[in-house]
Amino acid sequence: MDLSTLNEVQREAVEAIDGPILVVAGAGSGKTRVLTHRIANLIENYDIFPSGIMAITFTNKAANEMKTRIESLIGPVTSQMWVGTFHSICVRILRRDSDRIGYTSDFVIYDTQDQKALLKMCYKELNIDDKRTPLKTSQFKISAAKNDMLTPDLYEGRYGSDFREKGFIELYHLYQSKLKQNQAMDFDDLMLKTIELFKQNREVLTYYQNRFKYIHVDEYQDTNRAQYTLVQYLAAKSRNLFVVGDADQSIYKWRGADIRNIREFEDDFPGARIIKLEQNYRSKKNILDLANSVIANNPNRRDKNLWTDKEPGEKIGYYMAYDEKDEAKFVVEKIRTFTREREYKASDCAILYRTNAQSRSFEDNLMLNGMPYKVIGGLKFYERKEIKDILAYMKLVVNPSDDVSFQRVVNEPKRNIGAKTIEKLQAYQLERDCSLLECLPFVSEIEGIGAKASKGLTEFYGIIDRLKSKIETDFVTQIFDELLQSIGFIELYEAEKSVEADARIDNIYEFRTVIEEFEKRNEEPNLRDFLAETSLRSDQDNIEDQEDGVLLMTLHASKGLEFPVVFLVGLEDTLFPSFRATDDPEELEEERRLCYVGITRAEERLFVTHARNRNQYGRFEARHASVFLSEMDKALLENFSESRDSMNFETEKPEKKHNYFAQNALKSKQSFFGKPSASNAVTATDVSDEAERRYGAGTKINHKVFGPGLVITVDSDGETLTVAFDSCGIKKIHSGMAPIKRID
DNA sequence: GGCACCAATTCCTTT
DNA sequence: AATTGGTGCC
């Protein structure tokens, strides 16, 4: 094992073997190197069995990367090691022993949507009005309670005397008992139930304590109370706990992360060693200096000095846009220049924003220019209706107790089963004390269910029952194919003959590919594990390395990643920092850390942008610059804006009146830039005629990225075409810029 | 029970 | 702007 590639401090961390160790790892300081080398070192030089090592990461992607990198150091001995996220490791533990806490090993995992559906049922039963108490509020409150490790009983013990909490306590109790009835756990339960298992079964805990002699936790600053406790349990015996984190990168307080976990590590583990990695290997000096100038404004921060011996590099590009369209135009223009000059590939560039909704303007502009891109997060693949429906069927096949999935798909496709029929079923269910699905063999006994509904229910039961018998013998893809056949989704969507329905069909086939890949990856693939893996996939897990395309994602999703070129966009007050942070100093500090995370993702080039106006809720509103811009060291910025005084953030005030002359001047300038370069003397009408002639409505075209399509309309500007593509539906593209050709 | 149309609401971040 | 849920009619 070669440790000579590490710097002195890194080597010190790698060679600290026993006892509690905290590595304070600044952004880009090589913490993954340290983690992988330490584990490789344990195995190779200290004869620790791989089976005695656990490493907890933040995403599955990080886990896989870690495994690969350890293997490249010492060869393939890592399969015995447990490397995964908190959630996936908990599932692994629970699958073995969940029967001890009243769950079968086939329990399913409820995502946010399922959780909502279950809460809705609870509301109905308790007569709670979702206008007065929005589902989201209860959902959030339950999650907060669980992050704080308060079970319904504990919560009642603490807040029971408060009459205002009475309703919530009742709801929480019911929600939790319904989860169990459905043999389901929500995300937070995975941790809580594991802790419960350990608490009630000391021999189970002892087994894991004896087995895992060396425990590692990455991104320790973002652990919540429950995760913290779990780690305490696991490491209590060996005390060989190695955690890595950076308080400046703590960005998940709203999800229960407690920054104190890292700040008070020394108090929790007296005699702990603390090692600080302060040399940054990722970013050029200007970028690092900019990051430091921003984070220095956080008052409650332990001073830390992240440094680099790299050259300053280019200055940080700054652009004040007219609106979000102009902002996107600037960013895409820069990326096009980079790719044209072969300075960077599209996939070297990342656009980072505060909220998912911001991706829109960038997608539009990238599309217009025929530039490949990939949006991470947002409406996730697995949250699309058609996929969720198929997943619900699958969940039901594995776990007949799942009433939430039952209600989701019993009438999907239409089987003449409505609210009335469900009510009848539920009444019968109470009598029999079983799940909804389990009532179905006795449909004929239930009064009030008509012939039509009865037929539908029997049909539905047949589908699930038939698949259930194949679960042990057939491949997941075979089960999928048969399921698809029996529910006839493809034919159903085909009959709709709409672009949306066609997209759904594509998604369904895409989903089949996902299953195929799952089967290739696993030695003993089964439906149960596939469902768990699907539920626990993170956004980052969807980033594929080989694809070329600009990456678009939220700042949160960018955590732990790095890119040669970063565009940090939408630096506007009430957007970033969020409007919720305006009068909460703690929130503002977290937003600032988020800004710090964003800046430090960049290796070579960084651009920061904001818009003076923005469309929100369909309204066009004036905005002003983010406080973070005013905190940035001006000497590091290079102004790309048209207005020269745009960098006086402190003096900038929102405009009272729109300056129409200025706006019009800017607008005409924009469309000037947008025109195809060849025609320097043509008027707008000429261009329109030109495009009309070349790509009039009804023209068949071929697009380099999206393939064949049909032009539906030509916009009044004469340049923007609305095209229906076979591959991806309706898109707007730019006739002068997009890589398209007529097909005659 | 299904479908069409209208109104309200949403945009903070996620395993 | 766009999606989602509710209401009322067939």
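Keep in mind that this is a model prediction, so the values were computed, not measured. Only heavy atoms go into these numbers, but all of them, side chains included; no hydrogens, no water, no symmetry mates. Just so we're on the same page: letters track the sequence lines, and every chain starts at 1.
For DNA chain B, the neighbouring residues in residues 568-580 of chain A, judged by any heavy atom under 4.0 Å, are A:Phe579, A:Arg580.
Every salt bridge (charged side-chain N to carboxylate O under 4.0 Å, His left out) that A:Arg301 has, sequence neighbours left out, goes to A:Asp248, A:Asp303. Applying the side-chain contact (heavy atoms from CB on, under 4.5 Å) rule to A:Ala55 yields the partners A:Ile39, A:Met66, A:Val83, A:His216; only residues at least two apart in sequence or on another chain are considered. Among residues two or more places apart in sequence or in another chain, the salt bridge (charged side-chain N to carboxylate O under 4.0 Å, His left out) test is passed with A:Asp529 by none. Not counting sequence neighbours, the partners of A:Ser626 by the side-chain contact (heavy atoms from CB on, under 4.5 Å) test are A:Leu571, A:Pro577, A:Phe628. Take A:Arg537 and apply the salt bridge (charged side-chain N to carboxylate O under 4.0 Å, His left out) test, not counting sequence neighbours, and it matches no residue. With sequence neighbours left out, A:Phe198 forms a ring pair (Phe, Tyr, Trp, His ring centres under 6.0 Å) with A:Tyr208. Here A:Lys31 pairs with A:Asp218, A:Glu219 under the salt bridge (charged side-chain N to carboxylate O under 4.0 Å, His left out) rule; sequence neighbours left out.
Pairs of residues two or more places apart, or lying in two chains, that qualify as salt bridge (charged side-chain N to carboxylate O under 4.0 Å, His left out) and include a residue from residues 125-139 of chain A are A:Glu125-A:Lys178. Residue pairs meeting the salt bridge (charged side-chain N to carboxylate O under 4.0 Å, His left out) criterion with at least one member in residues 578-587 of chain A, sequence neighbours excluded, are A:Lys253-A:Glu586.
Residue order along DNA chain B, read from the 5' end via each residue's closest nucleotide, puts A:Ile417 first among A:Ile417 and A:Thr85. Both A:Gly377 and A:Lys136 sit near DNA chain B, but only A:Lys136 has its closest nucleotide nearer the 5' end.
Within 4.0 Å (heavy atoms only), A:Ala419 reaches sugar-phosphate atoms of the nucleic acid but no base atom. Residue A:Asn411 is classed as a sugar-phosphate contact, given heavy-atom separations below 4.0 Å to backbone atoms only. Within 4.0 Å (heavy atoms only), A:Gln616 reaches at least one base atom of the nucleic acid. No engagement by A:Ser88 is indicated, since no non-hydrogen atom pair under 4.0 Å with the nucleic acid exists. The residue A:Asn356 sits close only to the backbone: its heavy atoms come under 4.0 Å of sugar-phosphate atoms, none of a base. Residue-level contact check: A:Asp539 touches the backbone only, with heavy atoms under 4.0 Å from sugar-phosphate atoms and none from bases. Using a 4.0 Å heavy-atom distance criterion, A:Lys253 is classed as making no nucleic acid contact. Nucleic acid contact for A:Tyr252: sugar-phosphate only, since backbone atoms but no base atoms lie under 4.0 Å from a heavy atom of the residue. Here A:Lys414 lies in heavy-atom contact (under 4.0 Å) with sugar-phosphate atoms only.
Within the 3.5 Å criterion, the main-chain N or O of A:Phe406 finds no donor-acceptor partner in the side chain of A:Asp403.
For A:Phe381, the CZ atom is densely surrounded, since the number of other residues' heavy atoms within 6.0 Å is greater than 12.
Nucleotides of DNA chain B with any atom under 4.0 Å from a heavy atom of chain A span, from 5' to 3', B:dG1 to B:dT15.
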Using atom names, set out every protein N or O paired with an N or O of nucleotides 1-10 of chain C below 3.5 Å, distance rounded to 0.1 Å.
unit_1: C:dA1; atom_1: OP2; unit_2: A:Gly618; atom_2: O; d: 3.0
unit_1: C:dA2; atom_1: OP1; unit_2: A:Arg360; atom_2: NH2; d: 3.3

